[in-house]
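Please read the structure below before turning to the comments.
Note that the structure is a prediction, hence the values are computed from the model and not measured. In what follows, chains carry the letters A, B, and so on, assigned in the order in which the sequence lines appear, proteins first and then strands, with residues in each chain numbered from 1.
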2 protein chains.
Amino acid sequence: MAEPATRTVERALQLLGAVCDAGAVSLAEVSRETELSASTALRLLRTLENSGFVRKDADGEYRPGLRLVQLGAQALSHESLIHLAAPALQRLVDATGESAYLSVRGHQGTGSDHAVYLAIAEGTHSVRHASWVGRSVPLEGSSLGVVFAGKTPDAGYVVSDKGVEVDVTAIAAPLRQLGATGAADDGGPVAAISVVAPSYRMNPAEVERIGQLVAAEARALLGLAVGS
Amino acid sequence: MAEPATRTVERALQLLGAVCDAGAVSLAEVSRETELSASTALRLLRTLENSGFVRKDADGEYRPGLRLVQLGAQALSHESLIHLAAPALQRLVDATGESAYLSVRGHQGTGSDHAVYLAIAEGTHSVRHASWVGRSVPLEGSSLGVVFAGKTPDAGYVVSDKGVEVDVTAIAAPLRQLGATGAADDGGPVAAISVVAPSYRMNPAEVERIGQLVAAEARALLGLAVGS
DNA sequence: TGATGCGTTTCACTTATTGAAACGCTAATT
DNA sequence: AATTAGCGTTTCAATAAGTGAAACGCATCA
């Protein structure tokens, strides 16, 4: 992979990602992280800055820029998946009181795999799992990891406690194929919905109840999802 | 401006923007819009695709990619402004029944200036102004345009009817300086809040009432806003 | 006062980008 | 069927463009 690509652009995008991951970084830091020479990093960051993709704050550190916020917001609001999933997430919250998430597999490339929360419905319990849209969570050892690996058992959902976070039980189900074309993909689903709850509130019966709800909503979403 | 920049990256970012603006475009279309030769556009789009910033759908058209959605969502959720402004917008809705918006000046560069809606609180009237996060609106002739030009009168708010949209009255107020440093900027505020309502429901007294509410919330936000 | 690390600029070396042209393809058009 | 038009794609020589080591000034720290 990756033969036909322009190195300059790749590096610039890499820098952009590094800036976003960090939130705010100095030139020296990013250039170290991305293993680019300071002069190259500076030049590319300037280009990104000219285009509004990053900006320099008062401290001289680089931050995600307005253009990125704009394009991201556009892209987010055009993602029909989010709109389609929102009612399903809300139903899960209504039925369980726990927080529900829509996530997609993050872009694989920079080492370990991650998922990104695209939509959230907050639980109603006063003690609840809380996160935010755009949060990137590691897949390793999580129920989302199993789901994205395409290893979901026949029951249609995956449970994990003692996963990424302690004292937390996550129940996830895959949104298998979104496009109208049922083409054989690179394997694994592209999105998933999940319910995340404090473990102390869970028991086998409740886990199974929630699991079946999650699996049912995931199946229902398949019917709605259209090609675009 | 724009002397020290790498052309390749600039072009790639330009393509990225074009793809996002269009939502879904063919290679021929973007290459025409961006005035790039087809071969160059193809090569750059491939690079963007490899990095997940754009993706190719089943029809072979280019769309905003997951990486962009991820970075955008991250950037959006890290924008403390949005979190700070959300309660203020809601208060405006509660007090007026009309839709309230937080907007920032879009990246100036591609011709006419625009603003981008970053946060929205929908009005409660059944007939209300509706828009979406990420929407880009032209500044020309709008109250936002006046606000971003730094021409807000002493009253602290700007009113425009018959502006960008007909039959719509917009009332906007500037969020002057966000950073802790009150440094002399490039001039003009970077953000604004506004209330947008159907004109038929407005009258001078109501406009003034809303104007003072908007101006008050804008001033209140100044106190909260911190450097980061 | 010297040492360290930063952001920045310069510059010779080439490497990597470029775009016209040509290809195969599908879908209208004649 | 033959023809045209438009698309995505590949090739390739010309050269325009990106590269990074080195050096600079400026902070801060020992």
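- Projected onto DNA chain C by closest heavy-atom contact, V9(A) and L42(A) fall at different nucleotides, the more 5' of which corresponds to L42(A).
- As a whole-Å value, the separation of D59(B) CG from dA27(C) C1' is 16 Å.
- For E10(B) and dA16(D), the CD to C1' distance is 15 Å, given to the nearest whole Å.
- Per the geometry, CG belonging to L45(A) stands 15 Å off P belonging to dC6(C), to the nearest Å.
- We find that CD of E61(A) is positioned 15 Å from C1' of dG5(C), with the value rounded to whole Å.
- What separates OH of Y62(A) from C1' of dC6(C) is a distance of 12 Å, to the nearest Å.
- In the model, H129(A) has no side-chain atom that pairs as donor or acceptor with a side-chain atom of S99(A) under 3.5 Å.
- No donor-acceptor distance shorter than 3.5 angstrom exists from the side chain of R128(A) to the backbone of E122(A), with no hydrogens or angles considered.
- Checked for salt-bridge contact, R91(A) and E217(A) meet the test: a charged N lies under 4.0 Å from a carboxylate O.
- At least one donor-acceptor pair under 3.5 Å links the side chain of T34(A) to the backbone N or O of V30(A).
- Of the possible polar contacts, none joining the R67(A) side chain to the V54(A) backbone as a donor-acceptor pair under 3.5 Å is found.
- At distances below 3.5 Å, at least one donor-acceptor pair connects side-chain atoms of T47(A) with backbone N or O atoms of T6(B).
- Taking atom CZ of R46(B) as the reference point, atom P of dA16(C) lies 18 Å away to the nearest angstrom.
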Q. How does protein contact run along nucleotides 18-23 of chain C, one letter per nucleotide 5' to 3', with B for base contact, S for sugar-phosphate only, - for none, heavy atoms under 4.0 Å?
A. BBB---

